[in-house]
Protein chains: 2
Amino acid sequence: MSDICLPLGLDKADICKLETIVTSTAVKHSGDIVLRQGDPFRKVYAVKSGMAKSYRLDQAGTEYIQSFHLPGELFGLDAIYAKRYGFTVEVLDTSVLCEMDFDELQTLCATLPSLQKQLFNLFSRDLYRSHVSPTDHFDQTAEQKLSGFIHNLLTRYKARGHRGLELHLPMSRRDIANHLGLAPETISRLLKRFQQKGVLAINNRLVEIVDPSKLEAMVHCHALESSGKMDPQVSSAKSAK
Amino acid sequence: MSDICLPLGLDKADICKLETIVTSTAVKHSGDIVLRQGDPFRKVYAVKSGMAKSYRLDQAGTEYIQSFHLPGELFGLDAIYAKRYGFTVEVLDTSVLCEMDFDELQTLCATLPSLQKQLFNLFSRDLYRSHVSPTDHFDQTAEQKLSGFIHNLLTRYKARGHRGLELHLPMSRRDIANHLGLAPETISRLLKRFQQKGVLAINNRLVEIVDPSKLEAMVHCHALESSGKMDPQVSSAKSAK
DNA sequence: CGATATATTGACTCAACTCAACCACAGTGG
DNA sequence: CCACTGTGGTTGAGTTGAGTCAATATATCG
């Protein structure tokens, strides 16, 4: 149950208390909107299964997909400060979400030091991730962005006990492109290239990681000389400006 | 004093308690290292004056400048989870920093609900910022990145009561470029262009915002037809992929 | 005041974008 | 059951913004 939401060291009694503030646990379907950018902040959410995306519209109406929320992850915490949600969250796949009232969570924290600690940890992890992963995006090539994205998803699934090397990507190519700041066409071309290089096997929205070490290498280095196939052009190293 | 560190609603008695955990308040100079990536996490820091930058070296030894810390801002919170600092923090200007022990801060939080609330707010604000500002970076043009960067700094200074339209940028062009994922040459060229357009007046590391509304426009729109000067080429709108 | 680091400018290149066509599948309705 | 239409995905051709490399100018500092 709540070990999915907040996995780390809480004893059973504490988990019970935590469960009392879970407002609802609902099944949602692809396209359902969980909350809207601008809505007053009240609840935080945990993904139990499936996936959701959060995106933001700027004043020009342009959509920016900020992140994808995987099972075991919390969202909504970034709205505490502004008291309104900064992002719209939309479910991508048939998913189970549980929601809890943040005021109650906060009050509960005051009585349960371990929960407070737990929340600080969670905040810190999210902060750390969002500080580090831009690094993955940064000035890097499109190849690195995409391989980094896939690697990132795999890592997050693994952290939740997911074994195996298949990934289901319920989002469209368009969504991936938007999220990474690339054109959808580029995503297509790259996935094809990754397949040719023997790194991935793509089947529509199902991705199998054929060679994890090659994937790893692509994330960090700037070029992967295709050992198995064509295209011996070495993309020039950019790196540190 | 501590109203600089944690400005929002704490009463005087609470602030006194908070001050008891401030380990030290030291003057540092340009180039001084406050903490190193990989060091065990123990303290969090607040900038009282001056500026610091935090950067990260990846396994290839490439430097990524993650952020600049302005007066009134806290850093180190992202290390709670990993128990080690993920970034090296280096002072850019003659600066005053105060440091406090996080364990004590956490303990104090358990007794002071308002402080706990305060910290959640702070976390949330940082999270929100790091979620939104990538938006500013994203797929956008170099012009938008740089104008967004300057606008961002200005906003943060304003939030701390800074009036006036001058900015001192104690970091090198190289640092700015690295932070934004651009080449230093591009920063030079853009600053020059901004000056020609009558948006900024650049004097070495001192920047005066000549026309704030134009700056604002550049951040959001993709092109600013130079009303005052040459170069009537309209850079084609990219926006939503 | 020379020496070293930082900043600017110019010329050329390339990765990723745009635009546009095409393919494939999933509904829907006749 | 099949044509029709829409959406998502792929492929191709041509363009361009920002990068690289290299040279020059300007600061900063012992």
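A note on names: the letters A, B, ... follow the listed sequences, proteins ahead of strands, and every chain is numbered from 1.
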Original post:
Given the side-chain rings of B/Tyr85 and B/Phe41, with only the six-membered ring counted for Trp, is the space between their centroids under 6.0 Å?
Top reply: yes

Subject >> N/O (side chain, B/Thr186) to phosphate O (OP1/OP2, D/dG19) under 4.0 Å >> reply: yes

Subject >> Integer-rounded Å distance: C/dA20 C1' and A/Glu185 CD >> reply: 10 Å

Subject >> N/O (side chain, A/Asn204) to phosphate O (OP1/OP2, C/dC25) under 4.0 Å >> reply: no

Subject >> Parallel, tilted or perpendicular, as decided by the 30° and 60° cut-offs, for the rings of B/Tyr157 and B/His162 >> reply: tilted

Original post:
For B/Asp39 and B/Arg84, what are the C-alpha separation, side-chain angles and deciding distance, and is it a salt bridge (Lys or Arg N to Asp or Glu O under 4.0 Å)?
Top reply: CA-CA 5 Å; B/Asp39 282 356; B/Arg84 316 201 144 261; over 6 Å; no

Original post:
With distance as the sole criterion, is a donor-acceptor pair present between the side chains of A/Ser54 and A/His69 under 3.5 Å?
Top reply: yes

Subject >> Atom pair distance, as rounded to whole Å: CG in A/Asp175 and P in D/dG9 >> reply: 9 Å

Original post:
Are B/Asp211 and B/Ser213 close enough that a side-chain donor and a side-chain acceptor fall under 3.5 Å?
Top reply: yes

**OP:** Can you figure out which of C/dC17, D/dT20, D/dG9 approaches the side chain of A/Ser188 most closely?
**Re:** D/dG9

**OP:** Mind calculating the distance between CG (B/Leu191) and P (C/dT6) to the nearest angstrom?
**Re:** 17 Å

Subject >> Interatomic distance where CG belongs to B/Asn203 and P belongs to D/dA27 [whole Å] >> reply: 9 Å

Original post:
If you take all heavy atoms of A/Asn204 and A/Arg173, which pair is closest and at what distance?
Top reply: O-NH2, 3.0 Å

Subject >> Cation-pi geometry met for B/Lys43 and B/Tyr45 (6.0 Å, 45°) >> reply: no

**OP:** Specify the separation, in whole Å, of atom NZ of A/Lys192 and atom C1' of C/dC22.
**Re:** 14 Å

Original post:
Considering the terminal five base pairs at each end of the helix from C/dC1-D/dG30 to C/dG30-D/dC1, what angle separates the two local helix axes, rounded to 10°?
Top reply: 40°

Subject >> Min side-chain heavy-atom separation B/Leu153-B/Leu169 under 4.5 Å >> reply: yes

Original post:
Can you check the A/Leu182 CG to D/dG9 P distance for me, whole Å?
Top reply: 15 Å

N/O contacts under 3.5 Å, protein versus nucleotides 5-8 of chain D?
from	atom 1	to	atom 2	distance (Å)
D/dG8	O3'	A/Arg205	NH2	3.4

**OP:** Over all heavy atoms of both residues, which pair between B/Met218 and B/Val199 is shortest? Give the atoms and the distance, please.
**Re:** SD-CG2, 3.9 Å

Original post:
Atom CG of B/Leu190 and atom P of C/dT8: how far apart are they, to the nearest Å?
Top reply: 11 Å

Subject >> Spacing of A/Arg189 atom CZ relative to D/dG12 atom P, expressed in whole Å >> reply: 9 Å

